[in-house]
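Report on the structure given below.
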Amino acid sequence: MIYQESETVELKSVVVDDIKKEIIAFANCEGGKLYIGVQDDGTVVGLDDPDGAALQVREKRAPPRRKTAWMRIW
């Protein structure tokens, strides 16, 4: 699969502090996919601690209101 950023796809190599903005933007629009462990050029780099990354994201996200932002962690 080739990963490329778009209006509904966001690529992050690691969990960053402002990831909440991406999640909120997807929730306020038509939804989207957030791939963590993928560089901006689409290269999959993976994560050393995927469970820890998932926990970080869960702690940063706001409770869903209407649309769901989908997330895959590599």
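All values below were derived from every heavy atom in this structure, side-chain atoms included, with hydrogens, water molecules and symmetry-related copies excluded.
- Heavy atoms only, all atoms of each residue included: Gln4 and Val9 are closest at O-CG1, 3.4 Å.
- Evaluation of the side-chain hydrogen bond (donor to acceptor under 3.5 Å, both in side chains) rule for Asp18 yields no partner, not counting sequence neighbours.
- The salt bridge (charged side-chain N to carboxylate O under 4.0 Å, His left out) test applied to Asp17 returns Lys60, not counting sequence neighbours.
- Shortest non-hydrogen contact noted between Tyr3 and Val38 is CB-CG1, 4.0 Å.
- Taking both residues in full, the closest heavy atoms of Lys12 and Ile19 are given as CG-CD1, 4.5 Å, listed atom of the first, atom of the second, then distance.
- Among all heavy-atom pairs drawn from Ser13 and Leu47, the shortest one is O-CD2, 3.4 Å.
- The backbone N or O of Leu11 lies less than 3.5 Å from a partner atom in the side chain of Glu5, making a donor-acceptor pair.
- Here the shortest heavy-atom pairing between Ile36 and Val14 reads CG2-C, 4.1 Å.
- The line from CZ of Phe26 to CD of Glu7 is 10.0 Å long, rounded to the nearest 0.5 Å.
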